[in-house]
Amino acid sequence: QLQASGGGLVQPGGSLRLSCAVSGSISRFSAMAWYRQASGEQRDVVAYISKFGTTHYADAVKGRFFISIDNAKNSLYLQMNSLSPEDTATYYCNSLPAMNYWGQGTQVTVSS
């Protein structure tokens, strides 16, 4: 099970921290990722972190978003700063490559 939370409505320039609770040991995955899907768009990888701690970010969020993992809590996080309306989307957590199960995701809306 993948349970994403922490989304909400935020003004441009604001910050949010997303959390993802993973059932079972998160360290069994070679990498974990945050994905997002805006209305009418495809789902894309926003950021991922390998089990060795290597991180990668999409160009659109580089320098603003930061992914982290807590193996002891089987949790994945995404700190999102300097949010813009273009970041509005439903955010999902999943392994990379992704499993077939996606969970509900968490809605992030950036608007004044």
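Computed from a predicted model, the values in this text were never measured in an experiment.
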Would you tabulate the side-chain donor-acceptor contacts of residues 91-100 under 3.5 Å, counting partners in other chains and residues two or more places apart, or write 'none'?
from	atom 1	to	atom 2	distance (Å)
Y91	OH	R36	NH1	2.9
Y91	OH	D87	O	2.6
N94	OD1	M99	N	3.0
N94	ND2	M99	O	3.4
N94	ND2	Y101	O	3.0
S95	OG	P97	O	2.7
S95	OG	M99	N	3.4

Table please: side-chain donor-acceptor pairs of residues 16-26 below 3.5 Å, with sequence neighbours left out.
from	atom 1	to	atom 2	distance (Å)
S25	OG	S27	N	3.4
S25	OG	S27	OG	2.7

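The salt bridge (charged side-chain N to carboxylate O under 4.0 Å, His left out) pairs that include a residue from residues 66-78 number zero, where partners must be two or more places apart or lie in different chains. Applying the disulfide bond (SG atoms under 2.5 Å apart) test to pairs two or more places apart or on separate chains, none has a residue in residues 50-84. Screening residues 46-59 for side chain to side chain donor-acceptor pair (under 3.5 Å), with sequence neighbours left out, gives D59-K62. The salt bridge (charged side-chain N to carboxylate O under 4.0 Å, His left out) pairs that include a residue from residues 99-112 number zero, where partners must be two or more places apart or lie in different chains. Listed by first and then second residue, the salt bridge (charged side-chain N to carboxylate O under 4.0 Å, His left out) pairs that reach into residues 92-101 come to none, sequence neighbours excluded. Here ring pair (Phe, Tyr, Trp, His ring centres under 6.0 Å) pairs that include residues 4-44, with residues two or more places apart or in two chains, are Y35-W102. Sorted by first then second residue, the salt bridge (charged side-chain N to carboxylate O under 4.0 Å, His left out) pairs that include residues 19-31, not counting sequence neighbours, number zero.
Going from atom CD of Q79 over to atom OG of S15 covers 5.5 Å, rounded to the nearest 0.5 Å.
Hydrophobic clustering, defined by side-chain heavy atoms of Ile, Leu, Val, Met, Phe, Trp and Tyr closer than 4.5 Å, leaves F52 isolated from every other such residue. Hydrophobic cluster membership for Y77: none, as no Ile, Leu, Val, Met, Phe, Trp or Tyr side chain comes under 4.5 Å of it.
With hydrogens and angles ignored, the 3.5 Å screen pairs no side-chain donor or acceptor of T88 with any backbone N or O of T109.
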Discussion item. For M80 and V108: C-alpha separation, side-chain torsions, deciding distance, then whether side-chain contact (heavy atoms from CB on, under 4.5 Å) applies.
Written reply: CA-CA 10 Å; M80 306 188 296; V108 172; 3.8 Å; yes
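When all heavy atoms of A47 and L78 are compared, the closest pair comes out as CB-CD1, 4.4 Å. Considering every non-hydrogen atom in both S68 and L76, the closest pair reads O-CD1, 3.4 Å. Of all heavy-atom pairs between Q104 and T90, the closest is O-CG2, 4.1 Å.
For S82, there are no side chain to side chain donor-acceptor pair (under 3.5 Å) partners, not counting sequence neighbours.
Annotation: side chain of D44 is not in contact with side chain of Q37 (no heavy-atom distance under 4.5 Å).
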